[in-house]
Structure formats: structure tokens, C-alpha cells
Amino acid sequence: MRGSRNPMDGDSIRSSFIRFFEEREHLHMPSASLIPAGDPTLLFTSAGMVPFKPFFMGEQTPPRRRLTSCQKSFRTTDIDEVGDHKHLTFFEMLGNFSIGDYFKPDAVAFAWDLCTGLFGLEPERMYVTVHLDDDEAYDIWHNDIGVPPERIYRYGNSDNWWGPAGLEGPTGPCSELHYDGGAEKGIGQHPVTDEMMTPDDLTAMLRREADEGIPAEPGGCHPNCDCERFVELWNLVFMQFYQDLDGVRTPLPAPSVDTGMGLERAAAVLQGKPNVYETDLFRPIIDSVCRLTGREYGSDSETDYAIRVVAEHARAASVLISDGVVPSNSERGYVLRRIIRRAIRYGRQLGLDRPFMTDVAAAVIDRFAAAYPALSENRDFIQRVVGLEETQFLDNIRHGMPLLEDILHYLKTPDANPPALLETAGVDADGLAAARASESIPSAVAFVLYDTYGFPPELVDEIGRREYGLAVDMDGFNVEMEAKRERDRAGHQVIGSMEIVTAYENLGAGHTAFDGYYRTSIESRILGILRDGEAVGQATRGQQVEIVLAETCFYAEGGGQVGDRGVIAGPNGRVNVEDTQSPVAGLIVHRGVVAEGDIALGDAISAQVESERRLDASRNHSGTHLLHAALRSILGPHVRQAGSLCDTGRLRFDFNHVGAMTPDEQLSVQSLANSKIRENLAVTARETTYTDAVRDGALAFFGDRYGDVVRVVRMGSADSDGHDHADPFSFEVCGGTHVHATGQVGTLVVLGESSIGGGMRRIEAVTGRAAEELVVQQSATLQAISQKLQAPVQELEARLDAYMADTDALRRRLAETERVGMRAEAESLLARVRDVEGVKLVASVTSASNVESMREMGDYLKQKLDSVVVALGAVIEGSPMIVTMVTPDLVDRGLHAGNIARDAAKLMGGGGGGRPETAQAGGRQPDRLGAALDSVTNLVRDGLAT
RNA sequence: GGGGGCUUAGCUCAGUGGGAGAGCACCUGCUUUGCAAGCAGGGGGUCAGGGGUUCGAAUCCCCUAGCCUCCA
């Protein structure tokens, strides 16, 4: 092998692959973000063809029919497998694509030339697979390329058929290239023999499986075998059919090719390494983990496994963060959180009990900065996010630790108090006994710790074993976990309302042309009228209608911007439009009431948007773009729009961010936005293709589905002739209406910033008229306060402080006076001590204004009299209240303050209770307070008797 | 989107239907000039918000919000 003398490093494999295809007229497309743009159904970009899906689906025109790329990819399916030699979450996928251009012969030839020529792999080590029925591909490999039959294998649908992705779409057979690492790698890993099966034998076996359902059980080795001999290097997908919803396949007029080669695997093969972790793509990261832990890679399998987990997850996490993912409790952010935490867990296993992920992330950034500049651009942010997540996880563990310690302690020493968590986990006495008998920690406990506190079961096990000799029942844990999955799945339900959509479709109006970006009035014709969801020919005064026009200048609610209001005037009547919506893509519906006369299908009308209101919304919409750009500039490029509202009054902007914004950051954002407003930047819009827009650097809001043609809005990049310059302040894909220059926004005032869930923040602001109104209102409030406090605005704060200090002093003095009064009253009560069978009793109505005072009087009496029963009453805010006290010596003689209070209160229509020494009671009949207190004498007598 | 948990002093958190607490931090004084100093005193609370049950709710019930966590 030529590569073995001077093996290619990962970077040159990447670049030479791209160059190879560029030389063959392919256009090099830069890697798209790991966050798929415009495809809300997909969590991550998981393969090279994902960004090109609209091209393959025929929804968009590709910039060229031959494309090549090295695509960052992320797959969540085998996170828990990562750590072995094979699985990765993040990987780079090299690929060449033909969109209706060349097909099998060229694709095969390219792949062969690249492997055996550019990569210098020995042809004898290359094995080829094709689909059972794909004789075309077989013949090309055999006749044109010259691969001998003994190295061409056929496989069925599970191995060599692709697609469709989803319910319908392009689909077709695949052909794969496998690299033979040598027979010795597979020794002892086969059911019967380590010898290769012949292609004919395997084909016959797979045919029987496909036709007769007899499971294929290969006894020997073959390219798709589970042993470690073969590496699947390259997958060529031949999209030659279109499969519809019923599963019927029709040949595509222009078949396409999609191929994918994992960069990491290619590097392992070309560098002669046993697995991807030994390649130069991983080695620097592995080395950094070793430096941190003081361990050596290759010393023992358990250590190696942990090192690989840390390295892989740190790499994946860094790239995810550089693409704008931030840890959170759901979706992408949750996947990121999981891999960071999994890495920390394995780091712990390597003896790292202090934060270390930022250091590993640094190694990742250093290694990949050249290929992915976004990594070094976001270096600080990546490290900060990883560091924060690490501290948060350590916090969780710190919180869970005492809970776990209590349980472990209780399992070992049964006479301790049972921890509450046991009950939460639903562990009964039997379960407890079983756990103690088997020296194990009940799986329900581990589950609750994990489910509620994020405390990993592996850690419970580790601590349990080390400190108490107790292990976690992992099987039981997995059962609990599976049960939870079932429960959560049951909670899922999707409701769709198709009837509404069809009502609009039945209108037959199809598509409404929108011409409202630069005008607010238009002449058009009524194409459809809906009343209560039914198409009608006309409508009369007072009726609620929905109107479809041939062409409109009314903006339909979308992109966070509210729909327009206005008037549609026809020859015989007028409609007040209250809202404009787009219930079906491309169709604009005006909702409102016929205000005068009547309207009918076909009427020629003039439509007029309420322009002041439209302008308010436009100001807010432009305001969100300014905010978005300012936020990215101040907080970092990870800021990504998650939703927005551009109403007429205020605007709202939701975005990803770690933690709350500081007041300083809020001010900086506001100040930057306002300086751009004062610069009066030109706001220009033009139409382009989605791909071009994104390639030029326009921000696109994930979650929106963009069509073939999109509109991009720039602020601050066009000169007076309308030519675009580099580096606009703001550049977004957006269909909303905007002001013509930022100065029209007026002023932007940030109202506040708040959380809307993990990793998501919301900022609210006002612009233009609303901002002015806010200032007017606030200064009016200030003036009013200033009048009331009799002080100029500048001195308000000092004046208020003085008032508060005064109030404070007065309150204290009042309390003190009251206390003195109460003391005096208490003293007078000393003269009214009665004797009930040798027990001193004070029972009296007082003038106390709160229960507190009565307690203080009681305390005083207890202190003075040593041994006494006190029952004090007062009417507080209309309700009779009683406080009772019994000194400890009398409690010993059977008296109970709580019982006395309760029984006495019955006489005034209430109840009460408390502790033996102190209690209180209340009632509903103030006039019975005296009687209640009188009854205490008898209650004491009864209490002493029993 | 669904499940579980939490929200009490500036911070970390106890709190069992009947007097809102501890440690740290803060302030004052004393003591001492050294490693988390010590002693004494003090200030600081919408017990997340709202509703309900009750004579009485931080505590029980319901709703809302925020945060943590697991799952999708």
C-alpha cells in the first residue's frame, strides 16, 4: 500500500477527496451546520446528503448538478455504544453527489479510481457489495472495472437498499466498498469457520431468506460480517425510483447518486490503524485526556474505553456548541447535555473529580480549528458552555449525595430514621428487607435519584460499593427505565385538522400574489368568500367573512409579525379587515366584517391597509433584526432566533443563550441597536435561492420551511445604488415587512429579559411610537411622584429613603409603645390570678391587637408566676382569638394547652390546638369570647381530674 | 410534547396545621494583629404568585410562573 510509507493525515484525506471531485467538475459545497436549516423534522444533520435533500426532492435547483462536500454529521442512535472501537456520535462524511447527472458507471469508476489511485489502496483488498437484484451495478464492477467475481457480494434490502427518507421520496439500491484489513483480524469470530464464504453461497442463502423467509445464517466470513476483518469504507446510493405513499416505485426520469465515506474510517484504513481512535484525528484529544488523568492509552481495556468516551464526546460537544447548540432539557440541547455528562461520568471513572472538560475541549479546538474556523472563533464560548454544564452537573451530584448517603446509611443501620426518599421511590417493607438481604440498593431508589435529580445510576453503584458494599440492581433499573419510556410515549398524541385546509382548497383560489412590501393600497378582484368555513357567492352587511383576493397588499401573519388590518372597498359595499392570515401556503385570507352594503365574487375592489399600524409592526420587525444582530455581537454567535413576535405595541425575541443576561449586557445590546438606528442604515430586500442566501451568510430561522425562492433582508450593506457590500450589520432570511432605513425605527427600549425554559431566553422591547409613549408615561409617573413627595425628580431617591427611614422608626416606636402597654396590662393581670384546685390560672380578655402581643403577655406571666395556666383572649380584626399556655410542671400533671384552647373555642364557634405548652384558637362569635374564657376554669379542673 | 422534583434571609439550606429558623455572608462593639480567627450584639423575610380548605396554612388541595431533572 502506497499510503503506508507516507500515510495521509486526516486533513489531507479531506482536502484531496474534495480536490479529486473538483477536478471532475463537482462544485465544492461547504459543510452545513449540524443544525439542519429549514427541516424541522430533523434533529441533526446526520449525513452528507441532508443539506441537499431539497435538490434531490426536486424542490430546489442545485447550483450545479455535480456536488461534493465534507459534511459535519451527528447521530444520536448509538450514544450509549460510544466508547467501543466503532461507534461515533460526531463524524465527518465525505461525499460526491449527482443530481440527475451521471449515474452508476461514473459513480463506480470515481470511487474505484479514488480508492486505488489517489488513496493507493491495493485492489486485492477491495471488496464490493451490490443489491441482490442490481445486475447493472454488478456488471459495471465486474466488466468495466474488472473486479473478480469472488470479491463481489450481493446483499438484500437491509444492507444494500436506501430510502425513501420518510413516507415517500427517492429510493434505490446501494453499492458499498469494503476494505479487507486481513484475515487474521477475524480469527475466531465466526460461527463455523474463519474462511470466506463464496459470493454464490451467500447470495443463495440471502435469496432463500428474501423469498421463503428462511433466516440466513452465514457460517463463515463475508464483507458485512460482524467480525473486525472488514471496514465499510464507502456507500454509493443509486436513487433510481420514486416511491409513493402506497409503496409503489416508478423509475425516476433522471436518476441521482448520493455517496458517503466516513472520514474517520478512511483515516484508519489509510493510516493502517486498527480503529478511528488511533488516527491523527483523535490522537491529540486522547493524549490530552491521558495528560489530565495521568493514565496511558492502551494499558487496559476499561481505561481505554473511558478515555475514548471522554475524547469522542468532548469532540462532538465542542462542534455542536460551535454550531449554536446550548445544553438544555429538550431536543438538541438535551442531546448535548447527555454527551457532556456521559463524558464527565467516564472522566470520574478515570479519577478526575475536578472540572476537566474545558481542557479536553481546548485540545479538540486546537486539532480542528484549521478545518472548522467556527471552533476557534467560538473558543471562549465553547469552553464557557462546557464549563458551566460541568459545574451544573457537579451541583446535581452534590445535591443528590446526601439523599443517597441517607439511604445507604439506613440500609446498613435499620434503627436510623427512614429517609423520605424511600417512600417517594415506593419501596415498602418487603422491598427493604429484600434489599438488605441481597446487599443491594433497590433499583427504584437509583431510578428516582436519576429521574428526579439527574444522579447517574453508575455513580450510585460506585459509591454504594465503595463505601457500603452495596450494589445497584442494574437490571431492575433498566426495567424501570423502560416502563418510564412506555408511560411517556403514551402521553404523545398528534391532532390534525384537515377539514379547515380542504375548505380553503375547495375555494379553488389557489395562490394569492402578495405585493405589499412597498405599498399599502392596491386594486384587485374578489376570488373567494368564505362564511363559517363555507364558500359563498356573496355576503351582506354585518356578516363575518373571509375574503381571498387575486392580489393583495395585506401582510398575512407570519415570521412573528401580526397580520394587517384595513379596508376592502367594492362597488356595492365595504369590508373592515380585522386580521390577515395564511392558513394554507401561498393563500392569503382577509378576515373581517362587511361594514356596509354587500360584496360578491368577482367584485373589483380597492384594498387599503391601515398604514400606521403596519408601520408600527414594521418598526418592531426591523427592531427584532437589530436586536438579533446586537445580541449576536454582544453575547456571541451562538445566539439563534427561537421565535419572535412583532406586534404593533411591542416586540418579543426568543433565543438560545446560557444563563441570564446581565443588566450590563442588556444595556450594551440596547445601546448597540440604537447606535445602528441613528446610523440610519439602509434596509434592502431581495429574492434569492435558499442555498445562496445561507452560503452568503444570511441567518435563517430554524423551524421555518422556506420555499425555493426566499427573501433576504439586509441592514447596512447597500449603498445608494443598491449594491450589496460585505459585512452587513444584519442579514436574515425573512418574509416580513420592514422600514426602509433603520432610522425609522426611532428608538429601541429594552423592557426586560426573562427565561422561557432551559437554555432559552426572551427579550422584550418597544420601538417607535410605543417607545415614545413609554418615555412619556414614565416621566409622567415620575412627575406625579415628585408632586406627592414634594421634591424635584433628582432628589426623589433621597427623599424616598428618608421617608422609609421615618416609617421604619415610627413602626418601631409604635411596637415599643404597644409592648409597654401590654406589659402594663400583663402586670395588672397578675392581680387577677385565680386558684383552681391549687393551680394558678389567669384567664382574661385583653386589649391586644394581635396574637403576638398576647403571647408576649403570656410569656411575662409565666415568667412571673413560675407555675401557671394562662388563657388570654382578644377580638382581632373581628374574630375572637385565644392564646393558652401551660408551664411544664402542669403539663406533667395532665394539662394540655392545645386541648384547653380547642375546647374553649368550641363555645365561640371555632376550634384550635397546638402544643402542650402553647396553643391558640379562634372562633366566629366575638360576643362569646368572655364565655369561652370563663369555661377555662372548668377545663383546667377536668384536665387535672383525668 | 410528557413524567418527577424544587421555589423559605444576600448565599447554602432545615422546618412535623398552632411563636419563621441554622450556618455562612453583612453591620456594630470587644478581643486579637496570620492561615475558614474568636466573643458579644444587631440588621435583613410578599415562606415564588394567585385561589381554596381551616378558628388558624411556609406546611394540605387547585391554578399559574420560574428553575432542576428524566424521557421523546
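Computed from a predicted structure; not experimentally measured. Within every chain, numbering begins at 1; the chains are lettered A, B, ... in the order of the sequence lines, protein sequences first and strands thereafter.
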Review point. Is any side-chain nitrogen or oxygen of A/Asn329 closer than 4.0 Å to OP1 or OP2 of B/U69?
Key: yes

**Study point:** Contact pattern, 5' to 3', of nucleotides 9-19 of chain B - B, S or - by protein heavy atom under 4.0 Å
**Key:** ----S----BB

Study note, to complete from the structure: By side-chain hydrogen bond (donor to acceptor under 3.5 Å, both in side chains), A/Thr391 pairs with (sequence neighbours left out) none

Check your understanding: Rounded to the nearest Å, what distance is computed from the CD1 atom of residue A/Ile79 to the P atom of nucleotide B/C70?
Key -> 12 Å

Exercise for review: Determine the Euclidean distance between corresponding C1' atoms of B/G4 and B/A22; express it in Å to zero decimal places.
Suggested key: 29 Å

Exercise for review: Would you mind reading off the distance between A/Leu403 atom CG and B/G4 atom C1', rounded to a whole angstrom?
Suggested key: 14 Å

Review point. A/Leu336 CG to B/C70 P: how many Å, rounded?
Key: 12 Å

Review point. Counting distance only, does the side-chain N/O of A/Arg348 pair as donor-acceptor with the main-chain N or O of A/Ala343 below 3.5 Å?
Key: no

Point to revise | Pair assignment for B/C6, Watson-Crick or G-U wobble, requiring both distances under 3.5 Å | key: B/G66

Review point. Does A/Leu34 offer a backbone N or O that forms a donor-acceptor pair with the side chain of A/Asp323 under 3.5 Å?
Key: yes

**Study point:** No-H, no-angle donor-acceptor pair, A/Asp451 side chain to B/G3 base, under 3.5 Å
**Key:** yes

Practice item. Determine the sole option in A/Leu939, A/Val886, A/Asp942 for which the side chain to side chain contact (heavy atoms under 4.5 Å, CB included) test with A/Leu895 is passed. Key: A/Val886

Check your understanding: Do any N or O atoms from the side chain of A/Arg345 and from the backbone of A/Glu458 form a donor-acceptor pair under 3.5 angstrom?
Key -> no

Anything under 3.5 Å between a protein N or O and an N or O of nucleotides 50-53 of chain B, put it in a table, one pair a line.
none

Check your understanding: Say you pick atom C1' in B/C30 and the same atom in B/A37; how far apart are they, in whole Å?
Key -> 14 Å

Donor-acceptor pairs are to be reported for all side-chain atoms of residues 863-874 of chain A against protein atoms at under 3.5 Å, with residues two or more places apart or in another chain.
unit_1: A/Ser867; atom_1: OG; unit_2: A/Asp889; atom_2: OD2; d: 2.6

**Study point:** Whole angstrom value for the distance that separates C1' of B/C55 from CZ of A/Arg928
**Key:** 15 Å

Exercise for review: Return the nucleotide paired to B/U16: Watson-Crick means purine N1 to pyrimidine N3 with N6-O4 or O6-N4, wobble means G-U with N1-O2 and O6-N3, both under 3.5 Å.
Suggested key: none

Check your understanding: To the nearest angstrom, how far is A/Arg342 atom CZ from B/C70 atom P?
Key -> 14 Å

**Study point:** Distance between P atoms of B/A65 and B/U12 (Å, rounded)
**Key:** 24 Å

Exercise for review: Check every atom of B/C68, B/G5, B/A72 against the side chain of A/Arg338 and return the nucleotide holding the closest atom.
Suggested key: B/A72

Check your understanding: Considering only the P atoms, how many Å lie between B/C24 and B/C39, rounded to the nearest integer?
Key -> 9 Å

Check your understanding: For B/G1, which nucleotide in any strand shown is its Watson-Crick or wobble partner with both distances under 3.5 Å?
Key -> B/C71

**Study point:** Rounded P spacing from B/A14 to B/G56 in Å
**Key:** 29 Å

Check your understanding: Is there a Watson-Crick or G-U wobble partner for B/C26 with both distances under 3.5 Å, and which nucleotide is it?
Key -> B/G42

Point to revise | Interatomic distance, A/Asn850 CG vs B/A20 P [rounded to whole Å] | key: 10 Å

Exercise for review: Walk me through it: do A/Leu422 and A/Asp428 pass the test side chain to side chain contact (heavy atoms under 4.5 Å, CB included)?
Suggested key: CA-CA 8 Å; A/Leu422 271 184; A/Asp428 56 14; over 6 Å; no

**Study point:** B/G50 and B/G3, which share atom name C1', separated by this distance in whole Å
**Key:** 25 Å

N/O contacts under 3.5 Å, protein versus nucleotides 58-62 of chain B?
none

Check your understanding: Restricting to pairs with a member in residues 916-934 of chain A, which pass side chain to side chain donor-acceptor pair (under 3.5 Å), not counting sequence neighbours?
Key -> none

Check your understanding: Would you say B/C55 has OP1 or OP2 under 4.0 Å from some side-chain N or O of A/Arg902?
Key -> no

Exercise for review: Give the nucleotide from the list B/C70, B/C55, B/C68 with an atom nearest to the side chain of A/Lys484.
Suggested key: B/C70

Review point. Just checking, any donor-acceptor pair under 3.5 angstrom between side chains of A/Glu827 and A/Tyr860?
Key: yes

Review point. Charged N to carboxylate O below 4.0 Å: is that the case for A/Arg341 and A/Glu390?
Key: no

Point to revise | Pairwise P distance, B/A20 and B/C6 [rounded to whole Å] | key: 24 Å

Practice item. Could you tell me whether A/Asp461 and A/Arg465 make a salt bridge, using a distance below 4.0 angstrom between a side-chain N and a carboxylate O? Key: yes

Point to revise | Criterion salt bridge (Lys or Arg N to Asp or Glu O under 4.0 Å) on A/Arg650 and A/Asp647, from CA distance to verdict | key: CA-CA 6 Å; A/Arg650 60 167 58 187; A/Asp647 205 340; over 6 Å; no

Check your understanding: Looking at A/Arg341, does any N or O in its side chain come under 4.0 Å of the phosphate oxygens OP1/OP2 on B/C70?
Key -> yes

**Study point:** Gap in Å between the two C1' atoms, one belonging to B/A25 and one to B/C62, rounded
**Key:** 38 Å

Exercise for review: Write down the distance between CD1 (A/Ile344) and P (B/U69), rounded to a whole number of angstrom.
Suggested key: 11 Å

Check your understanding: Between A/Thr424 (side chain) and A/Ala420 (backbone), is there a donor-acceptor pair under 3.5 Å?
Key -> yes

Review point. Under 3.5 Å, side chain of A/Arg332 to main-chain N/O of A/Leu43, donor-acceptor pair present?
Key: yes

Practice item. Assign each of A/Val448 and A/Ser879 to its nearest nucleotide of RNA chain B by heavy atoms, then name whichever residue's nucleotide is nearer the 5' end. Key: A/Val448

**Study point:** Value in whole Å for how far the C1' atom of B/G4 lies from CZ of A/Phe455
**Key:** 17 Å

